[in-house]
There are 2 protein chains.
Amino acid sequence: MIKRAKGVTISQVADAAGVARSSVSRAFTRPGMLLPETVERIMKAAEALGYVPNHTARALSTGRHGNVGLIVPDIANPFFPPLIQAAQLEADRSDFCIFLGNTGESPKQEDKLVGRFAGQVEGLVLASSRLSEDRIRAHAEKLPLVLINRDIAGIPRVLIDSSSGVRQAVEHLAKLGHRRIAYVSGPANSWSNKQRRAAIRSAATPAGIEVDIVAAALPSYESGRNVVQAILSTGATAAVAFDDVTAQGVLAGLSENHVSVPADFSLIGCDDVLGAVTFPALTSVSNRSVEAGRVAVSLLLDMLQSHAIRDVRCVLETHLVLRSTTTAVA
Amino acid sequence: MIKRAKGVTISQVADAAGVARSSVSRAFTRPGMLLPETVERIMKAAEALGYVPNHTARALSTGRHGNVGLIVPDIANPFFPPLIQAAQLEADRSDFCIFLGNTGESPKQEDKLVGRFAGQVEGLVLASSRLSEDRIRAHAEKLPLVLINRDIAGIPRVLIDSSSGVRQAVEHLAKLGHRRIAYVSGPANSWSNKQRRAAIRSAATPAGIEVDIVAAALPSYESGRNVVQAILSTGATAAVAFDDVTAQGVLAGLSENHVSVPADFSLIGCDDVLGAVTFPALTSVSNRSVEAGRVAVSLLLDMLQSHAIRDVRCVLETHLVLRSTTTAVA
DNA sequence: CTGTTAGCGCTTTCAA
DNA sequence: TTGAAAGCGCTAACAG
């Protein structure tokens with residue numbers, strides 16, 4: 001059993017300094033309003049007592065609690081940690097704290113989290129939301145919202161435009177002589193997935209390439225490994241995967257099937273989160289998740305400050321990063 | 001510009017339902033105290049008005065805000081996401097929210113975060129804290145604290161005991177005929193690092209193995225890659241790395257130096273976070289981070305509930321996971 | 001079982 | 001420049 005000091009309140013400081021409670025409050029929020037010597041006396045007393053302003057009380061009184069929420073589908077997916085980190089850094093710069101939520105790719109859980117967070121945060125960043133547009137709109141009416149990788153008009157959003165990179169990927173494969181490729185798709189509700197699939201299709205036609213869509217339900221290593229048979233049965237000589245993690249699974253599955261990469265099969269990932277750590281090193285579409293996290297939070301804080309909501313649509317371009325998993329067809 | 005609904009308060013619901021404010025409060029917190037029909041009437045009114053209890057006001061009044069903090073050194077290190085996820089899941093079960101903090105391996109930042117969180121959370125989990133024992137003790141006086149991978153008497157802690165696994169690793173290498181091995185160490189303030197280093201040393205002597213310590217400042221891919229020269233210059237034929245990420249860097253560095261694994265050199269990681277995704281698949285010491293996260297939060301919630309602090313020391317055992325990066329010396 | 005009445009700790013008019 | 005006083009929205013005795 002341990003005793004824990006009950007918080008020192010503003011009144012105790014006021015008494016100790018021989019001033020009114022309001023003056024103590026002012027000393028901490030708008031010292032300019034007080035005589036420097038008064039401020040100093042108050043601060044001295046506060047210091048001596050170990051006074052720390054009570055965040056909750058302040059929040060109740062002002063309606064501002066200096067927290068923003070960040071909700072992601074899967075922390076364990078290497079796409080998100082850098083984004084989270086950047087978001088946190090940006091929040092920190094304005095003395096905001098971040099509430100992190102993980103939905104496990106479940107829209108239901110996401111809805112629940114948004115509800116749980118609302119009321120404790122001033123605003124929310126939804127990264128790669130799997131919610132329906134309706135739900136997102138509904139939430140946006142209740143509190144300031146910024147979206148990452150979700151394109152909904154009227155709601156501020158930052159989009160990592162993988163089309164540019166994906167297009168380069170397809171052209172690269174075309175140049176290498178591939179004529180039939182597979183796209184290993186991601187989550188159905190993922191905006192990025194739709195975008196990538198569309199980009200592949202639109203780039204493939206002029207390049208004279210056939211595209212087969214192979215569905216991997218979740219963006220995961222296992223998912224990727226499980227669809228290798230399906231990929232091979234399409235007769236494709238190359239594949240682009242929804243993301244690097246899926247691609248890594250595909251890589252493993254191919255190896256298990258004695259298909260060697262890139263000699264027998266070319267593979268390209270997306271998001272470039274694995275760097276050169278796979279073997280062979282994975283060719284991938286670059287990623288801007290750090291900027292995305294930073295910009296999203298910064299946008300959100302702007303909204304909070306200006307009390308207005310502009311229709312921002314911030315697009316971040318990408319490109320193909322060549323490594324060792326692609327080669328010309330035999 | 002968008003108008004956002006100002007919150008409906010308990011008073012409005014009370015008026016609408018023709019009861020006192022306290023009854024509304026009771027309907028939400030202890031419905032059992034009220035007549036079922038009263039509760040129903042209140043709920044109906046609340047529903048109609050779209051009433052949602054104000055978390056902040058409740059927190060101010062009760063002193064409990066249903067949040068716990070979790071601070072980790074580096075979200076991007078694959079050791080932590082599963083831990084975070086598990087912690088969040090466990091918190092969720094008791095309707096608690098998690099504040100996540102990332103310190104970037106900096107004690108200073110960690111101290112700052114603890115301060116920022118205190119006052120908004122009821123308790124804190126410090127995972128792999130890089131703080132000095134003094135600082136940790138100081139914080140523990142101010143609010144309920146649970147430690148992960150930090151062994152400080154009197155503060156509840158859950159420890160992943162890698163000694164067992166590391167010992168197996170050394171014995172495994174001994175059996176393969178290795179006589180001189182290197183330990184690629186981790187962060188200086190890391191309890192796990194000290195534990196692993198000690199376990200290696202104590203297991204090596206009876207096995208007739210010499211150990212050289214090679215310091216990698218940070219647990220990262222880059223760090224690992226950078227110390228390969230140092231490792232090779234010790235004349236070791238095998239190495240155990242502080243963690244898998246570091247090991248992966250070492251693997252890359254070895255390959256760049258044309259040292260092939262396991263033919264020319266054997267390598268073992270720790271934490272088993274990379275699964276079989278490296279090439280060759282990394283032999284590693286198993287990891288219990290999911291349990292650690294779950295147990296830590298559960299311990300913390302217990303403390304909050306019982307208002308007492310028992311001297312818990314929960315130890316999770318580990319073992320060696322054999323894959324493909326070790327073999328007998330030539 | 002339900003209403004009345006104080007607060008929780010801080011901010012913020014309004015006066016002085 | 002400072003103090004007094006009225007809340008912010010909710011909970012928790014204490015009566016009845």
Side-chain angles (χ1 to χ4, degrees), chain A residues 4-43 45-46 49-67 95 118-122 142-143, chain B residues 4-46 49-67 95 118-122 142-143 307:
Chain A
R4 232 178 283 285
K6 259 267 128 283
V8 177
T9 78
I10 212 173
S11 307
Q12 310 181 32
V13 178
D15 289 353
V19 297
R21 282 150 54 214
S22 45
S23 292
V24 179
S25 172
R26 288 179 187 119
F28 279 86
T29 51
R30 266 118 40 142
M33 281 184 70
L34 268 42
L35 285 180
E37 54 220 54
T38 313
V39 174
E40 194 183 349
R41 189 150 39 93
I42 295 177
M43 287 313 198
L49 295 173
Y51 167 75
V52 166
N54 180 316
H55 193 91
T56 311
R58 181 177 290 181
L60 179 58
S61 184
T62 60
R64 324 200 59 240
H65 25 62
N67 298 323
D95 274 322
Q120 312 207 56
V121 301
E122 294 183 35
K142 305 214 153 89
L143 84 175
Chain B
R4 233 177 282 285
K6 258 261 135 282
V8 178
T9 77
I10 213 174
S11 306
Q12 310 181 31
V13 177
D15 289 352
V19 298
R21 282 153 50 216
S22 48
S23 292
V24 179
S25 172
R26 288 177 187 122
F28 279 86
T29 50
R30 266 115 43 140
M33 283 184 70
L34 268 41
L35 284 180
E37 53 220 55
T38 315
V39 174
E40 195 183 348
R41 190 150 39 93
I42 294 176
M43 287 313 197
K44 204 153 277 169
L49 295 173
Y51 168 74
V52 166
N54 180 317
H55 194 91
T56 311
R58 181 178 290 180
L60 179 57
S61 184
T62 59
R64 326 198 57 237
H65 24 157
N67 299 323
D95 275 323
Q120 312 207 57
V121 301
E122 293 183 35
K142 303 215 152 85
L143 85 174
H307 229 29

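Letters A, B, ... mirror the listed sequences (proteins, then strands); counts begin at 1. These figures come from a predicted structure and were not determined experimentally.
- Atoms CG (Leu34(A)) and P (dT2(D)) sit 5 Å apart, rounded to a whole Å.
- For the atom pair Arg58(B) CZ and Leu60(A) CG, the distance stands at 13.0 Å (nearest 0.5 Å).
- A donor-acceptor contact under 3.5 Å links the side chain of Ser22(B) to the base of dT4(C).
- With sequence neighbours left out, Arg64(B) forms a salt bridge (charged side-chain N to carboxylate O under 4.0 Å, His left out) with Glu122(B).
- If one axis is set at each end of the helix from dC1(C)-dG16(D) to dA16(C)-dT1(D) from five pairs, those axes are 30° apart, to 10°.
- Applying the side chain to side chain contact (heavy atoms under 4.5 Å, CB included) criterion to Ser61(B), with sequence neighbours excluded, gives no partner residue.
- Arg21(B) places its CZ atom 14 Å from the P atom of dG7(C), with the value rounded to the nearest Å.
- Phosphate contact (OP1/OP2 of dC1(C), side-chain N/O of Thr38(B), threshold under 4.0 Å): absent.
- Of the residues in residues 55-66 of chain A, Leu60(A), Ser61(A) come within less than 4.0 Å of DNA chain D through at least one heavy atom, sorted by number.
- Regarding Tyr51(A), its OH atom lies at a distance of 8 Å from the C1' atom of dG9(C), rounded to whole Å.
- Annotation: side chain of Ile42(B) is in contact with side chain of Leu34(B) (closest heavy-atom distance under 4.5 Å).
- Shown here for Ala45(B) and Ala16(B), the closest heavy-atom pair between the two residues is CB-CB, 4.1 Å.
- The minimum heavy-atom distance linking Thr56(A) with Ala59(B) is given by the pair CG2-CB, 3.7 Å.
- Checked for salt-bridge contact, Glu37(B) and Arg41(B) miss the test: no charged N lies under 4.0 Å from a carboxylate O.
- Note: CD (Glu40(A)) to P (dT2(D)) measures 13 Å, nearest angstrom.
- Put simply, CD1 on Ile10(B) is 11 Å from P on dA12(D), counting in whole angstrom units.
- The side-chain hydrogen bond (donor to acceptor under 3.5 Å, both in side chains) analysis of residues 10-20 of chain B, with sequence neighbours excluded, yields no pairs.
- Both Ala20(B) and Asn54(A) lie near DNA chain C, and the one whose nearest nucleotide falls closer to the 5' end is Ala20(B).
- Looking at His65(B), its side chain never comes within 3.5 Å of a backbone N or O of His55(B) through a donor-acceptor pair.
- Note: CE (Met33(B)) to C1' (dT2(C)) measures 9 Å, nearest angstrom.
- Atom CZ of Arg30(B) and atom OG of Ser25(B) lie 8.0 Å apart (nearest 0.5 Å).
- Counting heavy atoms from C-beta on, the side chains of Thr9(A) and Asn54(A) never come closer than 4.5 Å.
- Residues from residues 23-30 of chain A that place a heavy atom under 4.0 Å from any atom of DNA chain D, listed by number: Ser23(A), Arg26(A).
- Rounded to an integer number of Å, the gap from CG of Leu49(A) to P of dG9(C) is 14 Å.
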